Colleague: 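This is the structure, below, for whatever I ask next.
Since we're looking at a predicted model, the values are computed, not measured.
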Amino acid sequence: MIKSLIRLASLEDLEDIERIENESFKTPWTRNLIMEELCFPLSFNLVMEVNKRVEGYIMSWFILPEAHILNIAISNNFRRKGYGRKLLENY
């Protein structure tokens, strides 16, 4: 049975976010840039765990009254299964 959980991202998720970023984009964000976004005060970042492993994330800024999605990605093995939609619905 596949169990998924959406929660706030933390610096402990850095390696997983970097892994997903590198497999998802031709010009991925650097590790340093991801770390800066995880620490930035206006950032609101979520990760999705599937069976206790981070398999997706969304990074954004909240500047009221708006939110700006900076990046969203799902790992290769979990694409086209509705996980990206779940992240957006829980955003």
Colleague: Phe25 and Ile58: same hydrophobic cluster, using ILVMFWY side-chain contacts below 4.5 Å?
Modeller: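 They do not share one cluster, since no chain of ILVMFWY contacts under 4.5 Å joins Phe25 to Ile58.
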
Colleague: For Lys86, does its backbone N or O pair with a side-chain atom of Asn90 as donor and acceptor, under 3.5 Å?
Modeller: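 Yes; judged by distance alone, with no hydrogens or angles, the pair exists.
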
Colleague: One pair to check against side chain to side chain contact (heavy atoms under 4.5 Å, CB included): Ile63 and Glu66. What are the steps and the verdict?
Modeller: CA-CA 5 Å; Ile63 305 171; Glu66 299 177 1; 5.6 Å; no

Colleague: Are Val47 and Leu87 linked, directly or through intermediate hydrophobic residues, by side-chain heavy-atom contacts shorter than 4.5 Å (ILVMFWY only)?
Modeller: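 No, it is not one cluster - the side chains of Leu87 and Val47 are not joined through contacts under 4.5 Å.
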
Colleague: Is there side-chain contact between Tyr57 and Leu46, with heavy atoms separated by less than 4.5 Å?
Modeller: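 No, too far: nothing below the 4.5 Å cut-off.
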
Colleague: Are the side chain of Asn51 and the backbone of Lys3 linked by a donor-acceptor contact shorter than 3.5 Å?
Modeller: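 Confirmed, Asn51 side chain pairs with Lys3 backbone.
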
Colleague: Tell me, please, which residues at least two apart from Glu49 pass salt bridge (Lys or Arg N to Asp or Glu O under 4.0 Å).
Modeller: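 Partners of Glu49 under the salt bridge (Lys or Arg N to Asp or Glu O under 4.0 Å) test: Arg7.
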
Colleague: What pairs with Phe40 under ring pair (Phe, Tyr, Trp, His ring centres under 6.0 Å), at least two apart in sequence or on another chain?
Modeller: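 Partners of Phe40 under the ring pair (Phe, Tyr, Trp, His ring centres under 6.0 Å) test: Trp61.
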
Colleague: Could you tell me the separation between the CG atom of Asn76 and the OG atom of Ser24, rounded to the nearest 0.5 Å?
Modeller: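 Here the rounded value is 6.0 Å.
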
Colleague: Using side-chain heavy atoms (C-beta onward) and a distance below 4.5 Å, is Ile20 in contact with Ile74?
Modeller: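 Sidechains of Ile74 and Ile20: no contact.
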
Colleague: Do the non-hydrogen side-chain atoms of Leu88 and Ile72 ever get within less than 4.5 Å of each other?
Modeller: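 When only atoms from C-beta onward are counted, Ile72 and Leu88 do touch, with a gap below 4.5 Å.
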
Colleague: Looking at Arg19 and Glu21, is any side-chain nitrogen of the basic one under 4.0 Å from a carboxylate oxygen of the acidic one?
Modeller: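 Arg19 and Glu21: not salt-bridged.
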
Colleague: To the nearest 0.5 Å, how far apart are CZ in Arg31 and CD1 in Ile17?
Modeller: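 These two atoms lie 10.5 Å from each other.
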
Colleague: So does Asn45 get a backbone contact from the side chain of Ser43, meaning a donor-acceptor N/O pair under 3.5 Å?
Modeller: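 Not confirmed, Ser43 side chain does not pair with Asn45 backbone.
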
Colleague: What residues form a ring pair (Phe, Tyr, Trp, His ring centres under 6.0 Å) with Phe44, not counting sequence neighbours?
Modeller: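 By the ring pair (Phe, Tyr, Trp, His ring centres under 6.0 Å) rule, Phe44 matches Phe62, Tyr91.
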
Colleague: Mind checking the CE-CG spacing from Met35 to Asn32? Nearest 0.5 Å is all I need.
Modeller: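 Output value for this atom pair is 4.5 Å.
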
Colleague: For atom CD of Glu89, is the number of surrounding heavy atoms from other residues, nucleotides or ligands below 6.0 Å larger than 12?
Modeller: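 Yes, the 6.0 Å shell around CD holds more than 12 heavy atoms from other groups.
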
Colleague: Are any side-chain N or O atoms of Glu37 and backbone N or O atoms of Met59, one a donor and one an acceptor, separated by less than 3.5 Å?
Modeller: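 Flag not set: sc Glu37 to bb Met59 has no pair under 3.5 Å.
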
Colleague: If we only count heavy atoms from C-beta on, is the Leu38 to Asp13 side-chain gap below 4.5 Å?
Modeller: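 A side-chain contact under 4.5 Å is absent here.
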
Colleague: Linking I/L/V/M/F/W/Y whenever any side-chain heavy atoms sit under 4.5 Å apart, do Ile6 and Leu14 land together?
Modeller: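 Ile6 does not cluster with Leu14.
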
Colleague: What's the verdict on side chain to side chain contact (heavy atoms under 4.5 Å, CB included) for Ser4 and Glu55, showing C-alpha distance, side-chain angles and the deciding distance?
Modeller: CA-CA 9 Å; Ser4 64; Glu55 299 291 356; over 6 Å; no

Colleague: For the atom pair CE (Met48) and OH (Tyr83), what is the distance rounded to the nearest 0.5 Å?
Modeller: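 That separation rounds to 7.0 Å.
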
Colleague: To the nearest 0.5 Å, what is the distance between CG (Asp16) and OG (Ser75)?
Modeller: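 Reported to 0.5 Å precision, the distance equals 9.5 Å.
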
Colleague: Restricting to non-hydrogen atoms, name the atom on Glu23 and the atom on Arg79 that form the minimum distance, rounded to 0.1 Å.
Modeller: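 Minimum heavy-atom contact is O-NH2, 3.9 Å.
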
Colleague: Calculate, to the nearest 0.5 Å, the distance between atoms CG and CD1 belonging to Leu11 and Ile34 respectively.
Modeller: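 Those atoms lie 11.5 Å apart.
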
